[in-house]
Amino acid sequence: MNEDRRRILELLAQGKITADEAERLISALEKEPASGSPNQGSDSSPRAKPKPKYLRVLVESQEGAAPDNPSLVNVRVPMQLLRAGVKLVSLIPVQARDHVNGALRENGVPFDLSQIKPENLEEIVDQLEDLTVDVDQKNEKVKVRVFCE
Amino acid sequence: MMPFAAEISIRNRRRRPLQLWIPLALLWILLLPVVALLLPVFLIACLIGDVPPLHAVAVLWKILNSLDDTEFSVDKPEFSFSVHIY
């Protein structure tokens, strides 16, 4: 990666490319590891993350929590259970599925249940780095963290 | 792998803590006759719902096999409850 960057800078210094072009090339290089395939060169291998095994939901109290046990709710669901759960959609009878789809459409959610596939779950997991939601209640502030591990 | 045990733990300030180990492996064996009895009902339900029975069995089997290592706990200063499936 550094080699490519140096080459771009050399081309810029030699006047073979403009500053605009150099900037575009460098930003393309920076984007490359995120969008590239897993079979990239050795430069990208340290960034490759292991496949997550669990989806974890933690509800933590931000104020007045005991220091030794700060989490209020702790849910750990194996990813394989979620993947299997997605397949449950295929067991919904066609009439019921149409009924649900119609109700969703009526409420402004144009969504087809039959389109849910385990691959969709993988896409969500890929994007789900660490989601944090702050919930303000009457007496206490609660933080909900959803992440994969 | 099919879950073989579940640990349920309930702690309450006013009462003695309760910790239950449920041998699920044994439960599966005990449930086998019930499954055999319910099989015709399941097949009829599949026919009515237009769902391939073998596919339904495969999905349910996969879900059952994916249950191990599921954990759920609620902790409050005065009360705590947790379920862990092994």
Side-chain angles (χ1 to χ4, degrees), chain A residues 51-100 113-114 116-118 121-122 125 135 137 139-140 142-149, chain B residues 1-14 17-19 22 24 28 35 38-86:
Chain A
K51 253 190 159 185
K53 282 181 81 178
Y54 302 100
L55 176 80
R56 196 159 199 148
V57 181
L58 285 178
V59 181
E60 297 165 325
S61 177
Q62 287 181 319
E63 291 164 8
D68 55 328
N69 194 9
S71 64
L72 297 172
V73 177
N74 171 25
V75 182
R76 190 175 75 165
V77 185
M79 291 303 295
Q80 57 180 359
L81 179 61
L82 294 178
R83 284 189 199 105
V86 171
K87 286 181 183 161
L88 265 180
V89 177
S90 63
L91 298 187
I92 301 174
V94 182
Q95 303 93 321
R97 201 185 299 162
D98 291 343
H99 189 71
V100 173
L113 280 182
S114 61
I116 300 177
K117 303 221 160 44
L121 188 75
E122 302 299 332
V125 167
V135 182
Q137 284 184 322
N139 300 326
E140 60 179 344
V142 173
K143 192 162 80 175
V144 181
R145 283 180 65 207
V146 182
F147 58 96
C148 297
E149 59 181 20
Chain B
M1 201 178 78
M2 259 179 107
F4 61 91
E7 182 194 1
I8 299 173
S9 158
I10 303 165
R11 283 190 183 82
N12 196 325
R13 263 191 185 176
R14 291 172 195 167
L18 179 73
Q19 194 159 11
I22 300 168
L24 293 176
W28 303 139
V35 171
L38 288 175
L39 201 63
V41 181
F42 176 75
L43 286 173
I44 292 166
C46 283
L47 286 173
I48 292 169
D50 200 19
V51 175
L54 278 177
H55 176 69
V57 170
V59 170
L60 293 175
W61 180 254
K62 196 154 191 196
I63 288 174
L64 193 68
N65 278 284
S66 314
L67 269 174
D68 67 319
D69 229 359
T70 301
E71 192 186 332
F72 172 80
S73 72
V74 178
D75 290 303
K76 282 271 178 191
E78 68 279 5
F79 174 80
S80 77
F81 172 79
S82 76
V83 179
H84 197 147
I85 300 171
Y86 297 95

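The structure presented is a predicted model; accordingly, all values stated were derived computationally and were not measured. Convention: sequence-line order gives letters A, B, ...; per-chain numbering from 1.
Ranked by non-hydrogen atom pairs under 4.5 Å with chain B, the options A/Ala96, A/Gly85, A/Ala84, A/Pro93 are led by A/Ala84. Contact count versus chain A (heavy atoms, under 4.5 Å) is highest, among B/Val59, B/Asp68, B/Leu64, B/Leu60, for B/Val59. Among A/Val75, A/Val57, A/Ile92, the residue making the largest number of heavy-atom pairs under 4.5 Å with chain B is A/Val75.
Enclosure of atom CH2 in B/Trp61 is not indicated, since only 12 or fewer non-hydrogen atoms of other residues, nucleotides or ligands lie within 6.0 angstrom.
Taken from CZ in A/Arg97 to CG in B/Asp50, the straight-line distance is 9.5 Å, to the nearest 0.5 Å. Interatomic distance, CG of A/Leu91 versus SG of B/Cys46, reported as 7.5 Å (0.5 Å rounding). Here the straight-line distance linking atom CG of A/Leu72 with atom OG of B/Ser80 works out to 11.5 Å at 0.5 Å rounding.
Here the closest non-hydrogen pair linking A/Leu81 and B/Ile63 is CD1-O, 3.7 Å. What you find for B/Thr70 and A/Pro78 is that their closest heavy atoms are OG1-CD, 3.2 Å. In terms of heavy atoms, A/Gln80 sits closest to B/Asn65 at NE2-O, 4.3 Å.
Salt-bridge annotation for B/Asp69 and A/Arg76: present, with a side-chain N of the basic residue lying under 4.0 Å from a carboxylate O of the acidic one.
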Test A/Ser90 against B/His55 for side-chain contact (heavy atoms from CB on, under 4.5 Å), laying out the working first. CA-CA 9 Å; A/Ser90 63; B/His55 176 69; 2.8 Å; yes
